[in-house]
Amino acid sequence: MNPIESPLLQSLNPEQLVAVTYPSNQSLLVLAGAGSGKTRVLTSRIIWLLSTGQSVPQNILAVTFTNKAAKEMRSRIESALPYPIQDMWLGTFHSLCHRILRRYHEAAQLQKNFQIIDTQDQLSIIKRILKNSATVDNSITPKELANYINNNKEQGYRSDSPFLTAHNRYYLLNPYYEIYEQICRRENLVDFTELLLRCVETLKNNTLLQESLQHRFQHILVDEFQDTNDLQYQWLKLITGNNTSIFAVGDDDQSIYSFRGANVKNMQYLIRDFKITQPIKLEQNYRSTQIILDAANELIARNTDRIGKTLKSTQQQGELIKYNRAYSELEEGQFVLDEIKSRHRNGEPYYSMAVLYRNNAQSRAIEQSLFNANIPYKVYGGLRFYEREEVKHALAYLRLLVNPEDDHSLLRVINFPNRGIGPKSIENLQTKAQEIKGSLWHALLQEKSKNKNLASFYQIISDLHKQINQLSFPDLINELIHASGLIDYYQQKKGDFQNKIYNLHELVNATYSFDYQDIEQIFSDQSKSISAEEKIIAFLSNASLEAGERNAKNTNEHSDYVQLMTVHSAKGLEFDTVFLIAMEEGLFPSEYSLNSHDGLEEERRLMYVATTRAKKNLYLSSVYERYHQGRKNLALQSRFINEIPEHLIHYLSPKDNTPLVSNSLQNKKNTVSFKSPKDEPYALGIMVKHPSFGVGVIINRQAKAHSYLLTINFGQHGIKTLDSGFAKLETI
DNA sequence: CTCTAAGAGATTTTT
DNA sequence: TCTCTTAGAG
């Protein structure tokens with residue numbers, strides 16, 4: 001069949017068609033706007049390469065950021081092709097690096113049974129380091145140290161890198177970075193960023209390995225390219241050979257992860273490094289109405305650092321964006337609730353409506369309203385399956401079976417459940433371990449004869465160890481959760497721990513459904529069969545790399561529910577109706593971003609992402625008074641509201657930005673919420689005018705001898721602290 | 001060891 | 001306000 005006549009290509013628009021059928025030996029960057037069929041283009045490209053015989057699965061590598069995206073791509077491709085594609089490398093950056101490290105662990109200078117630690121584990125190792133260090137420096141928080149380590153790794157810097165000295169806390173922090181590296185090496189542990197860094201270093205040091213990968217991968221496809229960090233880009237360049245072409249899809253306007261290292265500049269570098277003459281723009285949007293897109297286009301056009309594109313809708317003009325400014329969170333909740341109810345009465349299912357917010361904390365008030373009104377809803381966020389306490393305990397036992405050097409796991413479970421091994425015994429063990437220059441487990445082997453509690457812990461682990469090859473994997477885990485005492489512990493502990501017990505049994509179930517095909521991908525030594533130990537290692541790696549479903553709070557057992565989530569987690573999703581709440585200066589844009597150009601632009605991109613989630617109806621909502629971090633805050637409406645042209649908005653409340661009075665107070669005379677300026681100048685909530693900052697609201701006040709120290713929210717000009725004695729303020 | 005009380009700190013999140 | 005951590009008492 002002529003590929004051009006194939007149904008695959010017929011359904012593409014002209015730009016998509018150009019991208020999908022771009023010469024297979026050239027690299028390309030596709031700037032795919034929101035809702036422009038990005039995933040479609042990516043999968044179609046792969047299908048096109050394969051079905052026209054220009055490539056075979058073996059020679060293709062496709063990389064995504066999330067497991068969900070990888071799975072989605074795999075299933076779309078497989079359903080379009082008559083043959084399986086297990087020879088194709090398709091996965092997240094982390095899982096692909098993991099695969100390389102397992103296969104070439106010797107070149108990577110890792111032991112075969114190395115374990116992957118997640119963010120939680122990393123933080124607790126860091127806490128242990130800080131606690132054990134003689135220096136008492138309270139100025140270092142574990143989080144700061146974790147950031148220092150991760151940021152440096154993302155730049156490719158080890159603790160001995162000369163570039164590190166540029167950091168202004170180098171002398172304080174770096175010794176701990178060094179200790180952290182030693183500990184990970186000794187305990188055979190690899191953190192998330194290490195997967196990438198170690199892989200990059202291994203490729204750099206092993207030309208043969210690098211060349212063989214470069215030779216294998218003739219086509220590299222990258223999803224969400226704007227989210228790549230420096231290390232990931234380095235990795236891509238290392239596996240790209242002279243005969244490799246890159247096909248990258250991304251949207252600089254949707255780059256919202258710079259806080260975790262994503263570097264949009266990689267898009268420019270890609271164009272430069274791979275001699276891309278003309279990126280292809282996908283501006284046809286299949287999702288939203290033109291009104292919504294007009295608003296999004298106008299908003300994002302204010303950003304200076306962008307490649308630039310304008311979305312066009314395939315849909316009708318649609319309805320105006322509705323904007324409501326309420327007095328309090330309570331009234332905001334009521335507003336959203338009323339609209340949801342009325343939409344639902346008119347036949348719109350709950351699941352097509354979403355409430356989005358900048359910060360998780362803002363879900364509370366809305367939840368309250370929905371809960372009281374008995375509307376089913378689901379809040380996204382919270383712990384994932386493999387991140388839960390009880391599951392992590394069980395996994396720590398399992399880790400110890402395959403990697404006895406893992407002090408971190410040993411410390412987690414040696415006295416959980418309680419077996420009378422207190423801080424003193426642990427300290428003794430640590431001293432012993434230092435003496436023999438070995439792991440805690442080795443110290444335990446020597447000390448167990450002197451301490452019956454240590455002996456009983458040893459017995460549990462060694463009994464389980466003996467059964468690795470005797471029992472089936474599920475039976476082994478089942479034995480583990482009982483022999484460790486975990487099940488008994490949660491059964492006997494007062495309170496309701498049924499859920500934890502359930503999760504432990506669920507862990508046993510997970511071993512049944514674990515995909516053993518994946519193991520073969522990792523341990524590719526076809527000559528022998530997979531050992532029980534390898535199975536465990538693969539299972540544990542998978543648990544870290546793919547932590548499972550989020551623990552969505554679901555108050556009702558309905559399947560039809562309103563969805564509540566942050567704007568970040570809504571990226572990639574779409575809803576008929578979107579409520580974007582808490583549109584206030586200081587919240588959205590976040591106060592942390594107000595002082596920097598880049599920060600503000602990222603907030604604006606976030607607003608762009610939020611806006612383009614809506615297919616048909618977009619509601620914006622702000623509030624005059626909101627409790628935030630325990631204090632009452634008075635805020636102006638978000639500048640982003642002002643950046644949307646007025647003609648696109650249907651104002652449900654007065655258009656001006658004046659302080660509102662609560663509906664409940666309006667009818668009661670004498671109960672005005674604020675005193676008038678005459679009674680008390682500079683009272684909270686008063687609007688003032690400043691010669692250069694313009695109009696603002698007083699949000700905090702501190703009395704001084706003859707004046708006040710005022711915190712004023714000037715909206716566009718940010719939040720300022722001024723002395724009423726000096727500043728030329730006019731009350732209005 | 002476990003429970004309680006006081007104190008500090010408080011975006012966004014995937015792997 | 002709420003949540004997490006730590007210190008101290010029982």
Side-chain angles (χ1 to χ4, degrees), chain A residues 63-70 91-98 116-124 127 130-131 138 141-144 147 150 153-154 190-197 199 223-224 227-229 231-232 254-262 329 356-365 368 380-384 386-387 415-426 453 493-495 541-548 550 565-572 582 586-594 599 602-603 605-607 609-610 626-633:
Chain A
V63 59
T64 62
F65 275 87
T66 65
N67 293 297
K68 199 175 149 207
T92 63
F93 279 100
H94 292 85
S95 71
L96 296 175
C97 286
H98 172 239
I116 304 167
I117 53 170
D118 67 12
T119 319
Q120 276 181 44
D121 298 321
Q122 185 188 44
L123 207 62
S124 58
K127 282 178 186 164
L130 288 174
K131 203 174 265 175
N138 296 327
T141 64
K143 256 199 176 139
E144 185 194 9
N147 283 335
N150 292 330
K153 283 193 180 188
E154 269 161 24
V190 169
D191 64 41
F192 286 137
T193 316
E194 183 74 27
L195 285 169
L196 291 154
L197 178 55
C199 194
D223 191 17
E224 305 275 18
D227 287 338
T228 50
N229 65 26
L231 251 188
Q232 287 157 342
Q254 292 189 71
S255 165
I256 56 174
Y257 284 111
S258 73
F259 68 91
R260 64 177 197 220
E329 303 165 271
L356 308 184
Y357 33 81
R358 173 70 239 263
N359 301 152
N360 282 308
Q362 276 121 37
S363 73
R364 190 178 304 272
Q368 198 66 249
Y380 289 82
L383 286 184
R384 292 140 157 264
Y386 288 111
E387 289 169 353
N415 199 34
F416 193 96
N418 210 299
R419 29 181 97 82
I421 304 174
K424 200 97 211 156
S425 321
I426 290 171
N453 292 332
K493 199 172 151 89
K494 57 175 187 278
S541 304
N542 182 262
S544 308
L545 247 27
E546 198 173 337
R550 282 220 170 266
M565 67 188 84
T566 63
V567 179
H568 279 92
S569 35
K571 189 177 163 212
L587 284 178
F588 199 6
S590 155
E591 56 183 321
Y592 299 93
S593 316
L594 291 179
E602 178 138 327
E603 294 287 316
R605 290 193 291 271
L606 200 50
M607 178 67 186
V609 168
R626 183 184 301 275
Y627 282 86
H628 183 228
Q629 294 183 196
R631 352 185 84 244
K632 187 201 274 180
N633 282 288

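Below, chain A is the first sequence line, B the second, and so on; all start at residue 1.
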Quick check against the 3.5 Å criterion: does A:Asn359 have a side-chain atom that pairs as donor or acceptor with the backbone of A:Ala361?
no
For a quick test of reading the model: is some side-chain N or O of A:Asn67 closer than 4.0 Å to OP1 or OP2 of B:dT15?
yes
Under 4.0 Å between a side-chain N or O of A:Thr566 and OP1 or OP2 of B:dT13?
yes
Base, sugar-phosphate, or nothing for A:Tyr592, non-hydrogen atoms under 4.0 angstrom?
base
Is the shortest side-chain N/O distance from A:Asn360 to OP1 or OP2 of B:dT13 below 4.0 Å?
yes
Taking atom CZ of A:Phe588 and atom CG of A:Leu606, what is their separation to the nearest 0.5 Å?
4.0 Å
Whole-Å gap separating P (B:dT13) and NE2 (A:His94)
17 Å
For A:Gly422, which contact category applies under a 4.0 Å heavy-atom criterion: base, sugar-phosphate, or nothing?
sugar-phosphate
For the student: nearest non-hydrogen atoms of A:Ala610 and A:Leu356, plus distance
O-CD1, 4.4 Å
Using a heavy-atom cut-off of under 4.0 Å over every strand shown, decide if A:Thr92 touches base, sugar-phosphate, or nothing.
sugar-phosphate
By nearest atom, which of the nucleotides B:dC1, B:dT15, B:dT11 is closest to the A:Pro423 side chain?
B:dC1
Could you state the CD-C1' distance from A:Glu224 to B:dT13, rounded to the nearest angstrom?
13 Å
Looking at the side chain of A:Asn418, which of B:dT11, B:dT12, B:dT2 is the nearest nucleotide?
B:dT2
Rounded distance (Å) that lies between atom C1' of B:dT13 and atom CZ of A:Arg260
5 Å
Does A:Phe259 lie flat on the base of B:dT12, that is, centres under 5.5 Å apart and planes under 30° off?
yes
Could you state the atom-to-atom distance from CD of A:Glu387 to C1' of B:dT15 in whole Å?
10 Å
Closest to the A:Arg364 side chain: B:dT15, C:dT3, B:dT11?
C:dT3
Name the nucleic acid region contacted by A:Thr193, choosing base, sugar-phosphate or nothing; use a 4.0 angstrom heavy-atom cut-off, strictly under.
nothing
Rounded distance in Å between the P positions of B:dT13 and C:dC4:
15 Å
Rounded to the nearest angstrom, tell me the gap between atom CE in A:Met607 and atom P in B:dT11.
22 Å
In whole Å, I'd like the distance from the NZ atom of A:Lys571 to the C1' atom of B:dT12.
12 Å
Looking at A:Lys127, does any N or O in its side chain come under 4.0 Å of the phosphate oxygens OP1/OP2 on C:dT5?
yes
Please figure out whether A:Gln629 or A:Glu546 has its closest DNA chain B nucleotide nearer the 5' end.
A:Gln629
Considering only NZ, NE, NH1 and NH2 on the basic side and carboxylate oxygens on the acidic side, decide whether A:Glu603 and A:Arg358 come within less than 4.0 Å.
yes
For the pair made of CG in A:Leu130 and P in C:dT5, what is the distance, rounded to whole Å?
14 Å
To the nearest Å, give me how far apart CD (A:Glu144) and C1' (B:dG9) are.
15 Å
Sorted by position of nearest nucleotide on DNA chain B, 5' first, the leading residue of A:Glu603 and A:Lys493 is A:Lys493
Where the side chain of A:Asn67 meets the backbone of A:Leu545, is there a donor-acceptor pair that is under 3.5 Å apart?
yes
Drop me the distance from A:Thr119's OG1 to A:Asp191's CG, to the nearest 0.5 angstrom.
9.0 Å
Is A:Arg384 paired with A:Asp118 through a side-chain N to carboxylate O contact shorter than 4.0 Å?
no
Counting only side-chain nitrogens and oxygens, does A:Arg384 get under 4.0 Å of the OP1 or OP2 atom of B:dT15?
yes
Taking only side-chain nitrogens and oxygens of A:Asn415, does any of them come within less than 4.0 Å of OP1 or OP2 of B:dC1?
yes
What does A:Phe93 touch in the nucleic acid at a heavy-atom separation under 4.0 angstrom: a base, only the sugar-phosphate, or nothing?
nothing
Can you say whether a donor on the side chain of A:Ser569 sits under 3.5 Å from an acceptor on the base of B:dT12, or the other way round?
no
Of the nucleotides C:dC2, B:dT15, B:dT11, which has the atom closest to the A:Asn359 side chain?
B:dT11
